[in-house]
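First comes the structure, then the notes that go with it.
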Amino acid sequence: MKFCVRRKPFHGYKECGDRCFIKEFNRKTLVAVIDGLGHGRSAEDAAVKAFEYLKKDYHLSLSEIFRGCNEFLKRTVGAAMGIALIDHENCCITFAGIGNISGRVVGERSFSLMSDFGIVGAGIRKVKVETRPFEHANMLIMHSDGISERFDVSSYSEEVRSDPRRLAEAISREVSRSNDDSIIVVGRVVE
Ligand SMILES: [Mn+2]
């Protein structure tokens, strides 16, 4: 898949607590968006820790990843995290999220990816994992709450929509909040 990530720290800060982890393996693509609580150094520390955890345990099931990451982040401020796993062989997408990470699949049949309440690192209940069909022509968008959900992909020109880089830039420019870290990831399958 081809991805574009746009990431901005809280206005005036160097550190950014929003991160993303992308891994392709066994004809699958895993995309995780992490938002360390708050902003600044402590948020970044939590996000980096989640990233480190994902680097070693990305191949586990999504519920196992959330359980493991929750343990791993215990001594941090905690984080919101959303993970999408696209299975290219079986044309489906599996999603689970804790905290304010939003996602959507845009295509002939568009739908939203919903996160549960909670904080990874502060003790999480059972994680809801949902699987839905995923067509090759679909586009995946995931973002932290530093990006308002009030954007409409269909309002952009075909030229912008078909290019993950231009679309991520346009959305980030138009609806990101300056009083929070923000991240948006746009991805699509390339032949
Ligand atoms: Mn945030």
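Start at 1 and go down the list; that is how both ligands and their atoms are numbered. What's counted below: heavy atoms across the whole structure, side chains too, no hydrogens, waters or symmetry copies. Starting from 1, each residue takes its place in the sequence as its number.
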*Return yes if a side-chain donor-acceptor contact under 3.5 Å exists between Lys8 and Ser176, otherwise no.*
yes

*asked:* Whether Lys55 and Glu52 form a salt bridge (side-chain N of Lys/Arg under 4.0 Å from carboxylate O of Asp/Glu) is what I want to check.
replied: yes

Donor-acceptor list for residues 113-130 side chains, cut-off 3.5 Å, not counting sequence neighbours:
unit_1	atom_1	unit_2	atom_2	d
Ser115	OG	Gly99	O	3.4
Ser115	OG	Ile101	O	2.6
Asp116	OD2	Lys128	N	3.1

*Does Val153 sit in a hydrophobic cluster with other residues, and if so which ones, taking ILVMFWY side chains as linked at heavy-atom separations under 4.5 Å, directly or through other members?*
Val106, Met139, Ile141, Ile147, Phe151, Tyr156, Val160, Leu167, Ile171, Val175, Ile184, Val186

_Apply the hydrophobic cluster definition, ILVMFWY joined by side-chain contacts under 4.5 Å directly or through others, and give me every member besides Phe10._
Tyr13

_I want to verify a count. Protein N, O or S atoms less than 2.8 Å away from the Mn ion (ligand 1), how many are there?_
3

_I'd like to know if Phe66 and Leu30 are part of one continuous hydrophobic network [Ile/Leu/Val/Met/Phe/Trp/Tyr, side-chain heavy atoms within less than 4.5 Å]._
yes

